[in-house]
Structure formats: C-alpha cells, structure tokens
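Take a look at the structure set out below.
Letters go in sequence order (proteins before strands), and every chain restarts at 1. Note that the structure is a prediction, hence the values are computed from the model and not measured.
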Amino acid sequence: MAFRVLNVAEKNDAAREIARIMSRGGNSRREGMSRYNKIYEYEYNLFGRRCEMTMTSLSGHLMEIEFVVGYQKWHSCQPLALFTAPIEKKVSSNMDGIRKTLEKEIRRCNALIVWTDCDREGENIGYEVIEVCRRIKPRIDIYRARFSEITAPSITRACATLGRPDERTSFAVDVRQELDLRIGAAFTRFQTLRLQKRFPEVLSEQLISYGSCQFPTLGFVVQRYNEIVAFVAETFFKIKVKHSTPDGEAEFNWKRVRLFYRLACAVLHQGCLENPMATVVNQTSKPKSKWRPLPLDTVELEKLASRKLRINAKETMRIAEKLYNQGFISYPRTETNIFPSSLDLTNLIQQQTVDENWGQFSANLLTEGANPRQGRKTDNAHPPIHPTKFTATLNGQEKRLYEFIVRSFLACCSKDAQGIETTVEIDIAREKFTAKGLSITAKNYLDVYPYEKWCDKTLPIYRTGDTFMPTSIDMVEGETEPPSLLTEADLIALMEKHGIGTDATHAEHIEKIKARNYVGVQPDGKFVPGELGMGLVQGYDAMGLEMSQPHLRAELERDLKKICLGQKQKDVVLREHIEKYKEVFVQTCEQVNQLDQALAQFFGEPVQLNEDPVTSQVINSQPVFTCPSCQTQMCMKKTQDKGFMIGCMRYPECTSRAFFPSFVLDAQVTERVCSRCIPRPVYKIKFQFKRGSVPPMMDLEYCTCILCDEYLQEILSFRINASSSVTQRNTSTRRDNGRNNENNNRRGGQMSSTTQSQPRRPQRPPFQPDNHDSNKRPRPPRPENYVLCGCDQRAIIRTVRKEGVNKGREFYTCEKRECDFFLWADEGRGDDQTNQNQANDRRPNLCQCRQQAVVRTVQKAGPNQHRQFYCCSKPSGQACKFFEWLDSERPTSQPPPAQNQRPNRKPRCCGICRQPGHTRNKCPRK
DNA sequence: GCAAGGTC
C-alpha cells in the first residue's frame, strides 16, 4: 500500500512553489474545499521509500481565540474579570473550508509534514494544523520542514533534515495571543464604557480602544508633539566666509560650526576681520558614491511611497495588493531584501525595455548586466517586491506606484552614482573653514530614479598654500529649531526600531489610531495628536503608568524569546504578565479621575456619575456599600434576568453578593443595621413586587445581610406562610425570627406580630469570603425551610392557590425552572430530616447520557395516566430515550389519590382554544 | 463594539 504524506504550507503560493520544486514541475493540481487553497500531488523519495505527496495550504492562522460565551458581551462581566475569564481556541468560521480539506486529506495519509513559514507565528500555525489533524488521527506521525527560502537547494535540504515541530516557539505565540486579547479587551471596554458616559457630548459614539501596539504608536506621535511644544529655541552665532571668483563661488563653513555665546563668537570674528587674508591649508579630491536603492521589502515600500509619492502606507498596500492580483508585481508582503539567485532578473528587465520612459535605460542595463544591491533580510518565503510584467495600461495612483516599483527595481539592478568630491580647508586668523564641491562623473541609477537628487557643486580651483582675500566674512545669527512632527515614514521607522507590530501590521496600527481619532494627519503628511489621543496619553502618564511607552511590549517580547529558548515556562510568563497588567488595570481604575481630568482639558467638565472607584462601574441606584471582605465599594443594580443584585464589584475576585429575584420591581435601602452581624454592615431593603407575584404582601420589608448572604425567597416563604394561617410549623424550619425581632424592636415594632412570636434562631457564623474558592460562588447557608432537590438546587415551599381539594396545601418545588422536583410539605411536616430524606429518595437517577433524569407524570388518558416515571431532563430534541417507571407495579385502574398529583403543573394549554392537553401546534382550531 | 497576528 502506498505511503502517503500530507504536506501543509502557510499559504497557497508557498505550497505551489514547494510542490513544483519537489516534483520538478511534475505535480498535478486539484481543488480543495477552499477556493484559494489548492491541492498539489506528486511523488517524492522520503523516509527511504517512494511516497505519494499531497501538498495543500492555509491562509495564515487557522484558529482564533475568544472568550467563552458568558464573557463576550460587553456588559456580561466586569472588565477586570477578563484577565481570568476562560478563553477558547477554535477554527475560525472563515477557515472551515481549509479545515475540511485537512480533515479529509489526513484520513488517507500516514504522515504529516508542516511547511509553514519558519518564524514564530509559523510554528504556532503549524500546531493549529497538527491539532486539526490529530482530532482525526491521534497517532499520526508529524514532521517539521525547516527552510530558509523556497529554492530547490533549500527545499531539498529541508526534506533531508526533517525534524519535529517546536512546541516552545508555538507556546510563545499562544502567550502573546492570550495577553493581547485579555489586555486589549479589558482596557478597551473599561475606557470606552467609562469615557462615553463621562463625556457623552463628544464621545458617546466613540470606540476608545487599547492595544499593545496602538498605544505605543500613539505614544510616538504624542512624544514628538510634546518635544516640539517643550522646545526652547537657543540663539547661536557662527562665522561664514564667501569667496567669489570668475571661476565660481565658494562658501566656507566654520569648523567650530557654531557658538552659543555672542561675545566669544564676536571676538573670533573680530580677529578674522582684523587679519582677513585666507590661506589654503589643505585641498583633497576623492571619489564619492551615492548608493543605489536596496531591493524593496514591505516596510521600505511603505516608507518610500509615503515620502516620495505621498501615498500613505495603508493605501500603498491596498494598491500593491491590487497590482499583485493583476500580475503586475510580485507578492507585496515580504520581509526579504535579497534577490534570490534563482530569480531571472534579465528577463524581468527585458520586459521593461518597451517603455518609452525607462525602456532605453533597461536596454542599456541588459548590456551591462544586472547587478542588484543586496540587503540582509529574508523571510524565507517571498522575494523582494519587483515588477513581474510590463504594463502601460494603469492610471492614477496605481500607475505611480507601479512606476515607482519598476524604477526602484531597475535602479537597484544598476550601479551606484559616481562623483569626485573636493574639500578645501582654509585658515583665517587661526580659525579653520571648509568648502566642499562635487563633480558627478556617472549618474548611473539616478538616470532612472528621479526620486533622489545629487547635484554638481563647482568650486573654484584652489591649491595648497594659495592665499586670497575673501569676498565677505560675516558673523551670522541663528536659532536652534525643534524637531519636526513625525511623518508616516518616521512613525514606521520608530515602530520597527522598538518592535511594535510586524512588517505586515505597521500600516494597520497607524490606520487604527487615525480611525479612532487619536491622531490626525496634516496636509503635509505630518502626524499630530488629536484631543482624545493627547488626553489618553496624558491621563495614563499622570497615573504614572507607561501605557503609551514601548517598554511594556518590549518586556513581553523579551519573555517570549525566553519561552522559545526554554529559559522560562509559558505558564509563568503568562501569569506574570497577566498579574502585571491586572495591577495596572486596578491602578487605572483607582486613579481613573486622572484620565477624566486629562480629557476635561479638551472636552470640558465631565458628567458626574455614581461610580465605583475601582471599576468605575456606573451605579443606577443609591446607595453605595462597602464590601465587607475586600473593602471595595459594592453596588446595587438591576440585572436583566435576576432582578436586583447587591454584589462586590470585584466579582469574581471577591464573591460577596446577594441576588434578588426578578419579580422585585424596586428596592430601596432604608437602613444599615444588622441584628445578627453587628458591628458588620448590613442592609435593610424595602421591596416592591410585581402584582400577583406573591400573595397580598405589597411593600414587604425585608432585612438581609450580605455577610449572611441569605435569599429573599426564604423570608418570602416565611411571610407567605405566616400570613396564610397554615398550621404552625416546627420552629426549626423557620428562618431567623429572632433577627426580625431585634429589627422590629429597633424600628418600633413595625413588623407583624406573627414574626415577633417566633423564637430566636441560633446565631450562625458570618459569611467568610476567605473560606471560599474565589472561582466559585459560595453556596448560601442552608435555611431550614427548604430541602435539597435532586438537581442539588433548593426546593422552596409554596402554597396551592388554585380552587380544589388541594387549595391551601403547601408543597416544595425546585427553584430551578427546568427541574420538575415536587414534594408535598405535609408529607414530612414537622421533621426537617424527614423532608430531606424524602427529597433524597426522590433524587433522580443519572440517565444513560449522564444527564439528570427527572420524575414526570403521565398526562395522557389511559391505564398509565398519573403514573410517574423517570426520563431524561434534556429538551426533547436532545433528550436520550432513557425511561424508567417510578413504581414497581402497574397501578390499578383507579387514578392515584389527588395528593399525588402535582398542582398547576404544565396546563399544556395551546393558547388558541384555551383547552389543556395539546400544544399550540396540535390545536384542532389552528 | 474589544487585540494582534497570519493571509486572499
């Protein structure tokens, strides 16, 4: 049986080229599941045997990381929680075709060779391929091909020296991805949500993002602007000597360049004036070259297009990609500035000989032979940017950029410009002056490269020992000048220098800070900080945080390198950086007023908010509490589906909280007293309920304590029972009546007399957050008037309200809607343990699909009506077929007594005919 | 609605 190998490259171009080299042009091609990623097939000798090779490709990263569902929405959690929120890595939806191709092809293969780019990201992308393939074939043999360029020798060498993928390098990328996501999302949400509310007139629609590359890029612009603003001009003085002759004019510059003291300069100037005769002390002539341009890589193209053509980096890349797709130029995303020896430069130059502007130059170049200047960088994949086909059909910016690429290519393949530089040094009153002249002897590349100037400068002829009387000796005054604002090319150079972003992303980061209104661009192409950008940088600077400095990113880069070298563990780096940024985040929250103040300089006074100082979370209702466990302020807010919540704003770090159910319409804190936890803070809250949600108990007052963390339902059930005159229960099933007693006494006995008659409940220890796992919400202390139901939730007591034999009877039912737990209260009345035992007895089994099985009752008329059975609790579409009768024997023909029926359970009314027993879809009237 | 990194 044939030994098949699946080969995967990072992009289709690379796959095609590697396949062509390995097959010596003899490969076949077929379509894959992704239209951009073809499948190439050929045979190759590998592992000492003839192998059937299948080569396909990706389009960069196959997977993306994202927070799990509960954290994706902006208001779903505190931004602080994003530092620890669970994340997942999965195949991006737009990469589904590629995933399917891999899954399909790996099934028929015996080994996998990863041919992704040989850099850090490439290694990580390789592991994404491995993960997808291992899901299909867990034991597949995996190799890594390492190559420095896509040429026959390099590819052959890679095949002969196949190794294993480097997990550490891939880990480094995992760390970078996770940190970028967590930090970016946390700060972006925090800044945006807060500042939109603080400055609604200006920022209500503004997204205020933070990114580890965006902010340093902004920082460069602001720093240069600040340097200019802070610049103090200094006056300087210098001496200039001129000499005019019939052969030409010479201007001599002072060797001291300039002095900042007028008197000193004046003394020396006076000396020259008193003894003005100049003596030529030295005269030299030497050859001078002006170097031709390097081959174009992406960054160089962006910088030069910005400087020479005034086309910005983003636009340059857009046009370049279009030219590439039309086949006019080579791939424009490359870090290589070395032409590979395999590239046929002569043919490329030949194509350009037909042009009316540079055709003649190209023809001459052919006769001389191409001699490209070579740089030092290679990305192992793509050659420098060069024209691949002649065209004269382009217009506008496309034409300009194409012409620039062609002229750069021809200039690079030509020769340096040559000239003779003459330097003349003279002495006047022991002060030295020099003048320089230039005589160009061969323009060479300059003939085809109009973007650079090199001019002749003719000097009169001087010989050493000559003397002459200067035409003028002047003392001139000048002022030092501030640096100029950054151009886009300057900005890209700074980003490159400090390791901010990559070649492929520089333009995107610049574009992003423009889009966010952090910076603006003047008509002359210079970058100025915008009000928002300036305010953000000033605000963070005022907090003493170096958010806009490149150091933080540089530190991460250093640690990532250590992961690659095995000097540091991935988890350690991740933990350290998360902790560091989390600390920065907390500091930002604590000092966030600095940010407000910085922006207030530009946008006016901010709108006042009720806010938490740590999280700046806006609070909708008063007042603000102090968290008893961490001293952070807590807030009460209305949640979408859970009614009201009082909770620590540092959740989940601090788990102090209390929830109130959704039938509460309004809540108002009236006091801060606790009968049980004094001197701990406790809140007494007055609730209003939706009409009908509880028996006629409107404006019920409820005292709860955050420390004790008790639930509203408990007091509700108590009050309901107390007012319904049901038989007195065992006092142990009642909640803290003693506490109410104390409260009532303090408030002058406002509570009903029923509560006052209850005996005091034993004191329970206050809530101790330190005893809880910070990742889990603490379970509330269990009050005595509920039982645990089978799904481990509380089953609370309710009263049958419907007319009939069971009216007024009480029953336990699970708080959870999905759970069908039901227990008559009088079946175990007076004995809490019995209640619990009964509940436990009725705990559902685990069904076959490991889901809970719940008890249901047969509704349908027939011999089994009212009989109970276990079945899977999943929704019908997903449920397994687990089924088990609850009773061992079949029931008699008589229906079971009424107390075995569940009151008010699932009337199954269709809502059309108002008749129970069928669903809306099956209604005969429909 | 968030990052940065691949790539088409």
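- Nucleic acid contact for A:Met317: none, since no nucleic acid atom lies under 4.0 Å from a heavy atom of the residue.
- Of the candidate nucleotides B:dA4, B:dG6, B:dG1, B:dG1 has the atom nearest to the side chain of A:Leu207.
- When heavy atoms are screened at a 4.0 angstrom cut-off, A:Phe187 is found touching no nucleic acid atom at all.
- Aromatic stacking is marked for A:Trp74 over B:dG1, as both cut-offs hold: 5.5 Å for the centres and 30° for the planes.
- Taking 4.0 angstrom as the limit, A:Arg333 places none of its side-chain polar atoms (N or O) nearer than this to OP1 or OP2 of B:dG5.
- Listed pair A:Thr505 / B:dG5 meets the phosphate criterion, a side-chain N or O lying under 4.0 Å from OP1 or OP2.
- In terms of position on DNA chain B, the residue among A:Tyr331 and A:Ile65 whose nearest nucleotide sits closer to the 5' end is A:Ile65.
- The base of B:dG1 sits within donor-acceptor range of the side chain of A:Gln196, with an N or O pair under 3.5 Å.
- For the side chain to side chain donor-acceptor pair (under 3.5 Å) criterion with A:Asp180, the lone passing option out of A:Gln177, A:Arg176, A:Arg182 is A:Arg176.
- Comparing B:dC8, B:dA4, B:dG6 by their nearest atom to the side chain of A:Cys213 picks out B:dA4.
- Among the heavy atoms of the strands, none lies under 4.0 Å from A:Ile208.
- Using modelled atom types, one finds a donor on one side chain and an acceptor on the other under 3.5 Å when comparing A:Asn517 with A:Gln206.
- Nucleic acid contact for A:Gly122: none, since no nucleic acid atom lies under 4.0 Å from a heavy atom of the residue.
- A:Glu123 comes within contact range of no nucleotide atom at all, as no heavy-atom separation falls under 4.0 Å.
- In summary, of the residues considered (A:Phe83, A:Tyr540, A:Tyr210), a ring pair (Phe, Tyr, Trp, His ring centres under 6.0 Å) with A:Phe585 occurs for A:Phe83 alone.
- Distances shown here put every side-chain N or O of A:His75 at or beyond 4.0 Å from the OP1 or OP2 atom of B:dG1.
- In this structure, the NE2 atom of A:His61 is 10 Å from the P atom of B:dG5, given to the nearest Å.
- Of all nucleotides listed (B:dT7, B:dC2, B:dC8), B:dC8 comes nearest to the side chain of A:Ser59.
- Contact of A:Ser209 with B:dC2 (side chain to base): no donor-acceptor pair of N or O atoms is detected under 3.5 Å.
- Nucleic acid contact class of A:Gln214 (heavy atoms, under 4.0 Å, all strands): sugar-phosphate only.
- Residue contacts for A:Thr188: at a heavy-atom cut-off of 4.0 Å it reaches the sugar-phosphate backbone alone, with no base atom in range.
- Between the CZ atom in A:Phe328 and the CD atom in A:Glu398 there is a gap of 9.0 Å [rounded to 0.5 Å].
- A:Arg182 comes within 4.0 angstrom of nothing in the nucleic acid, heavy atoms only.
- Within 4.0 Å (heavy atoms only), A:Arg120 reaches no atom of the nucleic acid at all.
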